[in-house]
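Predicted model only: the values in this text are computed from it and were never measured.
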2 protein chains.
Amino acid sequence: MTEKHYTIKDIAKLCQVGKSTVSRVLNHDPKVNETTRKKVQTVIDSIGFKPNRSARAMRGAQDPVVGIIVSKLNSSGESQTLRAILTALYRQKITPIIVESQFNEKQVAHHLNLFKQRQVDSVIVFGFSPLSKDILQQWQGNMVVIARYFKEISCVYYDDQGAIHALMHKLHSQGYHHIGYLGIHDQDETTGRLRTQSYLDFCHRYKLPPNFSLTELNIEAGYQHCARLSLPIDALLCATTSLAVGAVKYLQEQKLMCPLAYIGQNPLLEHFVPNLISLDFGYEQAGNQAVDLLLAQIRGNRDVQQQLVSFQLS
Amino acid sequence: MTEKHYTIKDIAKLCQVGKSTVSRVLNHDPKVNETTRKKVQTVIDSIGFKPNRSARAMRGAQDPVVGIIVSKLNSSGESQTLRAILTALYRQKITPIIVESQFNEKQVAHHLNLFKQRQVDSVIVFGFSPLSKDILQQWQGNMVVIARYFKEISCVYYDDQGAIHALMHKLHSQGYHHIGYLGIHDQDETTGRLRTQSYLDFCHRYKLPPNFSLTELNIEAGYQHCARLSLPIDALLCATTSLAVGAVKYLQEQKLMCPLAYIGQNPLLEHFVPNLISLDFGYEQAGNQAVDLLLAQIRGNRDVQQQLVSFQLS
DNA sequence: CTGTTAGCGCGTTCAA
DNA sequence: TTGAACGCGCTAACAG
């Protein structure tokens with residue numbers, strides 16, 4: 001039972017018109033007689049005819065394809081951004097190709113190569129994947145990086161410093177002056193260095209005693225390092241959700257619950273901890289902005305643009 | 001700076017050979033002189049020439065496109081399955097188009113329509129999205145459903161009953177006989193009815209007193225309904241992660257920690273609850289199986305096939 | 001307004 | 001082994 005594959009030629013014959021007329025109807029060319037249009041359209045609909053995409057693409061401007069490199073499919077923040085990107089892209093009839101980097105530099109390179117072979121026009125990369133200078137250079141003007149700042153390339157990045165500042169400000173204004181900080185070490189540019197720096201800056205400016213510990217990005221590390229903070233602590237700020245989770249575990253064990261603030265979001269945490277301040281970046285907004293930048297690039301504006309994404313306290 | 005787009009014609013001229021020879025080199029046709037092949041290949045490489053995909057697709061068998069409808073991008077289980085699907089698909093040079101249904105039936109219908117327009121060959125649907133009979137019928141032979149059983153269509157589904165049974169068995173064999181159950185109401189076929197039924201069956205078979213409460217799929221509901229279980233309870237089984245989280249909160253508050261078993265996975269829970277049994281379905285396996293079924297369909301085997309996915313206790 | 005003609009870039013004959 | 005010619009399904013330019 002092989003389905004007959006119709007072409008505009010077939011439709012033309014069936015309608016007793018020329019191929020081009022069918023083509024015109026397909027492309028909503030205004031200069032076709034209403035009667036003919038009806039006739040052709042009816043046949044098209046009744047037969048369920050769809051013009052061949054490849055043939056179509058060959059002639060005119062083939063609708064663009066963008067590659068998307070996410071670092072990990074199941075990451076709450078990335079998912080939200082990805083969702084926004086996808087809907088924005090579909091609205092523009094742009095086909096996205098999604099791949100995963102798993103934070104692996106070689107994977108990124110590999111996928112970028114594949115993209116070139118597949119004639120991908122532009123790329124959106126979630127910035128936690130490492131990016132070498134030559135890749136950046138090579139895709140200059142056809143790439144948007146999300147969540148990380150690079151001065152050489154268009155990017156949409158999060159306001160890490162502002163976020164930490166806001167959280168500190170909130171705690172401070174609530175009267176807490178011994179604020180501990182659990183962070184990520186400086187190798188990690190955004191989640192690590194930037195946030196730590198911002199914490200230290202705040203302490204410095206408001207004459208607060210810095211009290212912090214830097215570690216890895218996982219729950220256990222948060223648990224361990226929470227113990228390393230010196231007392232007294234009357235509030236705790238964590239750079240990430242995982243650290244917050246680890247910290248909460250420690251604090252609970254020590255019957256030492258103090259207000260907790262962190263960057264990220266986790267429904268479970270909210271249920272376990274009464275006095276919680278969380279901060280979310282505008283993930284959706286980031287996605288939309290990234291697509292906007294990409295569209296600008298596709299349309300010829302190859303200028304490097306940087307956009308900051310704001311955040312929301314809750 | 002518009003990049004010159006090369007064609008085989010250009011390459012042919014540069015190599016002083018015919019277009020067809022270039023084409024042959026591109027397609028690894030064995031009957032070309034080694035010398036000419038070298039010559040042509042060199043030019044191709046040096047110039048970085050890639051044959052136009054659309055033109056290519058137009059002639060031969062255009063490489064297939066499959067649509068994937070996930071219900072929610074950020075769901076741990078679905079993500080894992082999706083990952084497996086993507087890698088399997090890429091290996092086959094199949095292009096996936098991913099969309100989100102958000103558990104919304106109209107969205108599913110909408111996307112399926114779009115798929116038809118885009119000449120999508122087949123579809124993989126994550127079964128939590130509702131599927132009407134006519135859709136099922138329409139895509140019969142070109143669709144694989146994941147996570148839900150339909151007798152009319154090929155699907156890869158999880159062993160809900162076996163899973164609950166296994167968890168019950170584990171608790172029971174550890175000597176617990178008052179096992180409470182927090183579940184989802186029967187409207188939900190898989191997460192709800194099937195699992196509840198399995199719990200009841202187990203109780204019946206082993207002469208255990210049933211002690212359960214059915215509710216909605218969210219943390220708060222788990223918390224509320226945990227209170228409704230009658231005492232005594234010496235172990236608790238939850239149908240889902242969210243319910244488990246809610247339950248843990250309640251149990252902690254009541255200083256009433258008992259062994260907890262649930263279907264799903266959550267790193268946080270493991271950190272808060274000492275005596276925890278969790279069960280994961282073979283999400284990756286499900287993805288791979290789904291792709292296998294799809295490939296079989298594409299290759300002409302339109303028979304409806306059902307496959308059960310096993311699970312892992314931990 | 002509409003039909004005819006000419007390609008798009010590539011794979012595939014078919015002679016040479 | 002190779003090159004020339006043809007056609008895929010479609011859009012665009014040109015006549016009518």
Side-chain angles (χ1 to χ4, degrees), chain A residues 2-44 47-65 93 95 116-121, chain B residues 2-44 47-65 93 95 116-121:
Chain A
T2 22
E3 273 199 40
K4 161 76 178 166
H5 215 225
Y6 289 94
T7 76
I8 49 170
K9 206 168 155 189
D10 300 320
I11 307 294
K13 242 176 248 161
L14 287 174
C15 299
Q16 322 207 45
V17 298
K19 294 189 307 178
S20 12
T21 305
V22 181
S23 173
R24 288 187 184 102
V25 173
L26 252 23
N27 295 308
H28 305 97
D29 190 322
K31 44 185 177 140
V32 301
N33 187 312
E34 260 316 307
T35 323
T36 350
R37 150 156 299 139
K38 283 278 184 209
K39 186 171 61 178
V40 175
Q41 190 64 54
T42 308
V43 174
I44 289 179
I47 217 168
F49 168 74
K50 303 289 173 204
N52 182 306
R53 237 172 93 78
S54 314
R56 222 169 188 189
M58 228 183 65
R59 202 55 206 99
Q62 51 188 106
D63 48 17
V65 177
K93 304 272 187 194
T95 303
K116 253 191 285 177
Q117 285 178 35
R118 289 214 168 206
Q119 305 200 151
V120 166
D121 304 272
Chain B
T2 25
E3 273 199 41
K4 160 76 178 166
H5 215 224
Y6 288 94
T7 77
I8 49 170
K9 207 170 156 187
D10 300 320
I11 307 295
K13 241 174 249 162
L14 287 175
C15 300
Q16 320 206 49
V17 299
K19 296 189 305 179
S20 6
T21 304
V22 180
S23 174
R24 288 186 184 104
V25 172
L26 252 22
N27 296 306
H28 306 97
D29 188 322
K31 44 183 180 140
V32 302
N33 188 314
E34 259 317 306
T35 322
T36 15
R37 148 156 299 138
K38 283 278 183 209
K39 185 171 60 178
V40 176
Q41 191 62 55
T42 308
V43 175
I44 289 179
I47 219 169
F49 167 75
K50 303 286 173 205
N52 182 305
R53 245 173 88 74
S54 314
R56 218 164 195 198
M58 226 183 62
R59 251 347 262 124
Q62 48 190 104
D63 47 18
V65 177
K93 304 271 187 197
T95 303
K116 254 191 283 173
Q117 287 177 33
R118 289 216 169 204
Q119 307 198 151
V120 165
D121 304 272

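Rounded to the nearest 0.5 angstrom, A/I11 CD1 and A/Y6 OH are separated by 7.5 Å. The line from CG of A/L14 to OG1 of A/T42 is 12.5 Å long, rounded to the nearest 0.5 Å.
Atom NE2 of B/H28 and atom P of C/dT12 are 14 Å apart (whole Å). The CG atom of A/D10 sits 9 Å away from the P atom of D/dC10 (whole-angstrom rounding). Look at CG on B/D29: it is 9 Å from P on C/dT12, rounded to the nearest Å. Rounded to an integer number of Å, the gap from B/K31 NZ to C/dA16 P is 17 Å. A straight line from CG of B/N27 to C1' of D/dT2 spans 16 Å, rounded to a whole angstrom.
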Tabulate protein N/O versus nucleotide N/O from nucleotides 3-9 of chain C, keeping only pairs under 3.5 Å, one per line.
residue	atom	partner	partner atom	Å
C/dG3	OP2	A/G18	N	2.9
C/dG3	OP2	A/T21	OG1	2.5
C/dG3	O6	A/R24	NH2	2.6
C/dT4	O4	A/S20	OG	2.8

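Closest heavy-atom contact between B/S54 and A/M58: CB-N, 4.1 Å.
Within the 4.0 Å cut-off from OP1 or OP2 of D/dT11, at least one side-chain nitrogen or oxygen of A/S23 is found.
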Could you give the side-chain donor-acceptor pairs of residues 21-31 of chain A under 3.5 Å, partners two or more places apart or in another chain?
residue	atom	partner	partner atom	Å
A/S23	OG	A/N27	ND2	3.4
A/N27	OD1	A/R56	NH2	2.8
A/N27	ND2	A/S23	O	3.0
A/D29	OD1	A/K31	N	2.9

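Residues satisfying the side chain to side chain contact (heavy atoms under 4.5 Å, CB included) criterion with B/E34, sequence neighbours excluded, are B/R37, B/K38. Applying the side chain to side chain contact (heavy atoms under 4.5 Å, CB included) criterion to A/K9, with sequence neighbours excluded, gives A/T7, A/K19.
Fit an axis to the five pairs at each end of the helix from C/dC1-D/dG16 to C/dA16-D/dT1 and the two axes sit 40° apart, to the nearest 10 degrees.
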Q.
Is there a side-chain contact (heavy atoms from CB on, under 4.5 Å) between A/F49 and A/D10? Walk through the geometry before answering.
A. CA-CA 10 Å; A/F49 168 74; A/D10 300 320; over 6 Å; no
